[in-house]
Engineer: 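Supplied in structure tokens, the structure appears directly below.
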Amino acid sequence: QVQLVEFGGGLVQAGGSLRLSCAGSGRSFSDWAMGWFCLAPGKVREFVASIRWSGHNTYYADAVKGRFTITRDNAGNTLYLQMNSLKPKDTAVYYCAARTGIVSSRKDSEYDYWGQGTRVTVSS
């Protein structure tokens with residue numbers, strides 16, 4: 001059984017930073033490609049960032065490119081999302097997700113496991 005647990009959400013002012021973490025258990029972390037998605041009120045779940053199993057290839061949604069950074073620590077079974085220059089439109093529940101294999105994806109339907117989400121609120 002694979003379990004993912006996110007940490008690090010909270011309330012921050014516009015222009016501030018947050019670092020989200022996602023702790024994985026139940027299977028070797030390096031077996032998974034990983035991603036972050038967000039769900040804002042009234043919207044569908046959207047792709048934020050993804051990373052291959054090795055950590056050498058990362059991908060970002062245009063809206064966060066240059067502001068967010070996805071990294072992973074396979075030895076520590078942890079995925080991170082560093083969020084800088086936050087904007088009110090970044091307000092959402094953020095989910096980490098894992099899919100078996102080395103290649104990540106922008107499609108939420110291609111992920112096998114999901115965390116429970118952590119809420120990020122950015123005030124103006």
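Bear in mind that the values here come from a model prediction, so they are computed numbers and not experimental data.
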Engineer: Kindly indicate, with the supporting measurements, whether the criterion side-chain contact (heavy atoms from CB on, under 4.5 Å) is fulfilled by D73 and T71.
Structural biologist: CA-CA 7 Å; D73 173 6; T71 57; over 6 Å; no
Engineer: If every non-hydrogen atom of D62 is compared with every non-hydrogen atom of K65, which pair is closest and at what distance?
Structural biologist: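 Nearest pair, atom of D62 first, then K65: OD1-NZ, 3.2 Å.
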Engineer: Is the backbone of R52 close enough, under 3.5 Å, to the side chain of S54 for a donor and an acceptor to pair up by distance?
Structural biologist: no
Engineer: Kindly work out whether a path of hydrophobic side-chain contacts (I/L/V/M/F/W/Y, heavy atoms less than 4.5 Å apart) joins Y95 to I70.
Structural biologist: no
Engineer: With a 6.0 Å cut-off on the ring centroids, do Y111 and F37 count as close?
Structural biologist: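 Y111 vs F37: aromatic centres under 6.0 Å.
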Engineer: Does some side-chain heavy atom of W53 sit less than 4.5 Å from a side-chain heavy atom of D31?
Structural biologist: no
Engineer: Donor-acceptor check, side chain of R67 to backbone of S85, threshold 3.5 angstrom: yes or no?
Structural biologist: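 Judged by distance alone, yes, a pair lies under 3.5 Å.
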Engineer: Given side-chain contact (heavy atoms from CB on, under 4.5 Å), test T69 with L81 step by step and report yes or no.
Structural biologist: CA-CA 6 Å; T69 303; L81 184 68; over 6 Å; no
Engineer: Measuring only between side-chain heavy atoms, which start at C-beta, is W114 closer than 4.5 Å to D108?
Structural biologist: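 Side chain of W114 against side chain of D108, heavy atoms only: contact under 4.5 Å found.
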Engineer: Assess whether side-chain contact (heavy atoms from CB on, under 4.5 Å) is satisfied between L20 and M83, documenting all intermediate values.
Structural biologist: CA-CA 8 Å; L20 306 184; M83 311 167 71; 3.6 Å; yes
Engineer: With a 4.5 Å cut-off on side-chain heavy-atom distances among I, L, V, M, F, W and Y, is there a chain of contacts connecting V12 to F68?
Structural biologist: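 They do share one cluster, since a chain of ILVMFWY contacts under 4.5 Å joins V12 to F68.
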Engineer: Do you know which of T121, T91, V120 makes side chain to side chain contact (heavy atoms under 4.5 Å, CB included) with L11?
Structural biologist: T121
Engineer: Any luck finding a side-chain donor-acceptor pair between T118 and E6 under 3.5 Å?
Structural biologist: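 No, no side-chain donor-acceptor contact under 3.5 Å.
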Engineer: I want to check a possible cation-pi pair here: R72 against W32, using under 6.0 Å from ring centre and within 45° of the ring axis as the test.
Structural biologist: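 The answer is no; the distance or angle limit is not met.
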Engineer: Taking all heavy atoms of F47 and all of S105, pick out the closest pair and write down the distance.
Structural biologist: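 Shortest heavy-atom contact: CE1-O, 3.7 Å.
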Engineer: As a quick check of understanding, evaluate side-chain contact (heavy atoms from CB on, under 4.5 Å) for S17 and Q82, giving each step before the final call.
Structural biologist: CA-CA 7 Å; S17 298; Q82 178 66 43; 4.0 Å; yes
Engineer: Shortest non-hydrogen contact from N74 to S30?
Structural biologist: ND2-CB, 3.7 Å
Engineer: With heavy-atom distances below 4.5 Å as the criterion, would you say the side chains of W36 and L79 are in contact?
Structural biologist: yes
Engineer: Hey, is K87 close enough to D90 for a salt bridge, meaning N to O under 4.0 Å?
Structural biologist: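 Not counted as a salt bridge, because no side-chain N and carboxylate O are separated by less than 4.0 Å.
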Engineer: Below 4.5 Å, heavy atoms only, C-beta onward: do L18 and L86 meet side chain to side chain?
Structural biologist: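 Side chain of L18 against side chain of L86, heavy atoms only: contact under 4.5 Å found.
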Engineer: Can you see which heavy atom on S124 is nearest to which on A14, and at what distance?
Structural biologist: CA-CB, 4.4 Å
Engineer: Is the shortest side-chain heavy-atom distance between V122 and Q13 below 4.5 Å?
Structural biologist: no
Engineer: Is it the case that R19 places NZ or CZ above or below the six-membered ring of Y80, under 6.0 angstrom from the centre and within 45 degrees of the axis?
Structural biologist: yes
Engineer: Got a second to check how far R45's CZ is from C38's SG, nearest 0.5 Å?
Structural biologist: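 Those atoms lie 10.5 Å apart.
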Engineer: Are there over 12 heavy-atom neighbours, none belonging to Q116, within less than 6.0 Å of that residue's CD?
Structural biologist: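 Correct, the count exceeds 12.
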Engineer: Between the side chains of D112 and R99, is the shortest nitrogen-to-carboxylate-oxygen separation below 4.0 Å, so that they form an ion pair?
Structural biologist: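 Salt bridge: no.
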Engineer: Check whether any side-chain heavy atom of S104 lies under 4.5 Å from a side-chain heavy atom of Y59, and answer yes or no.
Structural biologist: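 S104 reaches Y59 side chain to side chain.
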